[in-house]
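The structure under discussion is supplied below as structure tokens; questions concerning it will follow.
Throughout, protein chains are lettered first and strands after them, A, B, ... in sequence-line order, and every chain is numbered starting at 1.
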There are 2 protein chains.
Amino acid sequence: MPYCQKRGCAVEISQRKKKILAAVVDAYIRTAEPVGSKAIAESTDLGCSSATIRNELAELTSLGYLEQPHTSAGRIPSPQGYRFYVNELMERQKVSLEEAEAINQRLNEKMEQLDKLMSDAGRLAGQLTGYPAVALAAPRAATVSRFDILYIDANTFIIVVLLSNNTVKNKLVHLPFSVEQGQMQKLAALFNAGFTGLTEENITPVLISATERAARDTMGLTSILAAFTIEALSECCAGEAFVTGESRLLRQPEFRDPEKAHRVMSYLSDSRHLMGLPGTEEDDRIRVIIGPENLAEELRDSSVVMASYDAGEGQRGLIGVVGPTRMDYSSVAAKLKYIADGLSRLLGSGEAPAGFGKMIVKGDSLNHEQ
Amino acid sequence: MPYCQKRGCAVEISQRKKKILAAVVDAYIRTAEPVGSKAIAESTDLGCSSATIRNELAELTSLGYLEQPHTSAGRIPSPQGYRFYVNELMERQKVSLEEAEAINQRLNEKMEQLDKLMSDAGRLAGQLTGYPAVALAAPRAATVSRFDILYIDANTFIIVVLLSNNTVKNKLVHLPFSVEQGQMQKLAALFNAGFTGLTEENITPVLISATERAARDTMGLTSILAAFTIEALSECCAGEAFVTGESRLLRQPEFRDPEKAHRVMSYLSDSRHLMGLPGTEEDDRIRVIIGPENLAEELRDSSVVMASYDAGEGQRGLIGVVGPTRMDYSSVAAKLKYIADGLSRLLGSGEAPAGFGKMIVKGDSLNHEQ
DNA sequence: TTTAGCACTCGGAAGATGAGAGTGCCAGCA
DNA sequence: TGCTGGCACTCTCATCTTCCGAGTGCTAAA
């Protein structure tokens with residue numbers, strides 16, 4: 001029998017072996033205990049004895065799909081075994097009707113506060129799957145499409161910038177000196193003329209000082225406005241990451257060891273790490289990263305399941321969960337997919353969803369001290 | 001000797017007993033191991049033998065300040081013992097010069113992004129102390145002080161609301177029908193006349209429909225604006241809570257048990273729980289809540305140390321850390337106090353800090369999908 | 001009031017034991 | 001040739017025992 005032992009690409013693997021492997025993975029996912037030949041013989045309907053299963057198990061082990069914690073223990077799936085399971089054996093699970101409804105309800109509830117939808121989708125994924133969840137928005141370049149200044153009084157104004165991705169940013173500015181409304185208007189007009197359509201990098205010191213001269217601005221207003229514009233663009237392009245429910249890891253027996261749990265959790269809680277998660281530019285497939293396949297050292301004995309969605313404006317978002325390699329891949333994947341599809345539907349750049357044409361609003365706020 | 005055994009209010013407790021109690025607490029904080037009479041005799045400079053100490057320990061135990069995990073183990077402080085220690089024995093620690101500088105630097109760095117300052121202060125507190133940290137802003141009623149509408153095109157406009165606490169909120173609105181700029185201006189004027197100075201509760205359906213009539217608005221614009229105004233006010237008054245570094249709990253030996261750690265961590269990760277933390281209206285003293293003094297069941301064997309600060313605009317913020325009852329209260333308290341004082345200085349409603357008068361700006365942003 | 005001394009207690013570490021689960025392999029059978 | 005029952009063997013885990021030592025409480029003397 002010709003086998004190719006490389007990374008789960010078994011050229012030939014008998015139907016029975018597949019069935020047995022699937023049984024091992026399923027049972028191990030359920031119980032977190034090594035699975036023995038007898039248990040498999042009883043739980044499956046292959047009409048053969050435990051001795052036969054034993055032989056098959058031995059072969060699967062030597063092929064690298066299974067591992068034995070020690071002689072005379074049952075078998076557990078190796079990462080390669082999980083990979084094969086995920087790629088070929090796993091039955092695509094459907095979310096149940098109740099779950100689907102719960103998800104829909106939760107998503108619709110959140111529609112009014114679109115800004116929170118992203119992180120809430122992560123939260124939802126975590127709650128549904130019982131694992132820690134991450135949510136991230138892929139960074140994306142933006143330009144300024146419009147520039148306004150609201151004149152409050154001689155010392156105070158609000159800058160409002162509308163970006164190309166329909167983000168609105170604002171800033172309240174108090175000055176220690178007075179300016180005239182006309183001056184502010186002139187500046188706004190200059191910015192509208194000169195700064196729209198530019199990305200962050202295009203806003204050069206040369207451009208700024210040219211604008212400053214054109215505005216006859218001797219008080220540094222131009223640089224205030226320019227600095228804010230740059231900040232708005234960069235903030236907006238930075239992408240964001242949220243993690244929720246880290247502590248759920250502790251419910252998994254494989255994270256009984258506080259040392260190990262701490263390693264993973266503190267890795268997760270630094271959002272910088274998450275931003276580096278595998279690119280989201282992919283198609284909308286589910287991605288499964290199993291144990292050692294993780295680039296990050298800290299996640300080498302955890303698995304990650306991710307789904308990406310269309311967040312509108314050509315932007316993609318990502319939700320995912322982190323758990324032990326013994327994760328219920330099929331149910332997790334199904335749930336994530338369902339949520340991601342729901343988000344794409346709600347946010348996606350396709351035609352506006354029915355019943356949502358009346359008004360589409362997004363709010364945003366920040367705390368300004370005097 | 002007349003003792004009052006109630007809640008740590010020992011009417012008379014000898015100087016030597018105090019010294020011994022302090023030694024027990026200090027040693028236990030350091031080692032997390034029960035402390036024996038011999039160790040105390042050696043580590044302190046009271047010129048007496050371990051036998052004497054034993055007698056004193058026995059008395060302290062019967063007074064309720066100490067506990068014995070079992071006969072023939074050393075003593076550990078009881079919650080009452082900790083309370084007494086915190087109230088009377090603890091030497092007010094100073095933050096070291098390096099720490100002070102590190103804190104100042106971190107705080108100043110963040111000044112440009114005031115919106116993140118609050119949660120970053122929590123993060124800083126957590127990093128410095130090595131415990132999970134919480135940061136919260138006390139909710140506070142606000143009113144609208146100004147109302148603007150930026151007309152983008154016939155179907156699109158941005159609402160900008162300036163609140164009494166100098167928060168600016170905005171919302172991008174797309175309409176499925178056209179409106180005229182004049183109509184929008186009229187509405188803005190009406191809202192400026194009728195809605196400013198009102199709190200959330202004061203914006204009644206009666207007022208809204210009166211405005212609608214006055215504006216001859218048949219397209220529901222008034223209710224869009226009103227709804228956003230209400231939302232802005234309520235969001236702004238909701239208060240916020242951040243938790244960072246939950247996983248640090250796992251480094252504490254008392255949270256070796258994943259069950260226990262999970263209980264506390266999942267309690268912390270629900271920010272609704274945190275909002276109910278003891279009122280922050282207090283003076284600017286440090287608050288220490290020891291184990292069973294916690295109202296929340298889940299925190300009964302943890303301690304919380306909190307410091308509140310003046311966040312300007314009459315608003316108070318709170319930073320705190322959560323750890324085992326065996327917490328290094330004095331160093332934690334000192335660090336929190338230092339950070340809180342720093343924040344009060346930077347944000348406080350007193351005179352604007354020197355070198356900060358040039359301009360005070362705060363940004364804010366949100367993602368608006370089309 | 002302090003101290004030295006001593007018997008006593010108790011938890012926890014270190015081995016000892018045994019049960020049970022599971023394996024690998026062999027010999028016989030279809 | 002492949003499957004099966006049987007059997008000896010291995011190894012973990014839970015339980016039990018033993019034992020050490022830290023630390024106590026008490027007593028009698030200083």
Strictly below 4.0 Å, N to O, side chains only: are A:Asp45 and A:Lys19 in salt-bridge contact? yes

Counting only heavy atoms not in B:Lys260 (residues, nucleotides, ligands), do more than 12 fall under 6.0 Å from its NZ? yes

Reading DNA chain C in the 5' to 3' direction, which nucleotide is the first one with an atom under 4.0 Å from a heavy atom of chain B, and which is the last? C:dT2 to C:dG11

Mutual orientation of the aromatic rings belonging to A:Tyr267 and A:His273 [parallel < 30°, tilted 30-60°, perpendicular > 60°]: parallel

Salt bridge present between A:Glu67 and A:Arg75 (N-O < 4.0 angstrom): no

Determine the sole option in B:Val322, B:Leu318, B:Val134 for which the side-chain contact (heavy atoms from CB on, under 4.5 Å) test with B:Leu274 is passed. B:Val134

Would you call A:Lys17-A:Glu56 a salt bridge at under 4.0 Å N-O? yes

Are OP1 or OP2 of D:dT4 and a side-chain N or O of A:Ser49 less than 4.0 angstrom apart? yes

Could you tell me how far apart A:Ile53 (CD1) and D:dG5 (P) are, to the nearest whole angstrom? 12 Å

Considering only heavy atoms from C-beta outward, does the side chain of A:Val288 approach that of A:Tyr329 to under 4.5 Å? yes

Letter by letter from the 5' end, nucleotides 25-30 of chain D scores (B base, S sugar-phosphate only, - none; protein heavy atoms under 4.0 Å) B-----

Taking atom C1' of D:dG5 as reference, at what distance in whole Å does atom NZ of A:Lys38 sit? 13 Å

For A:Ser37, which contact category applies under a 4.0 Å heavy-atom criterion: base, sugar-phosphate, or nothing? sugar-phosphate

Are A:Arg83 and A:Glu293 close enough for a salt bridge, meaning some N to O gap below 4.0 Å? yes

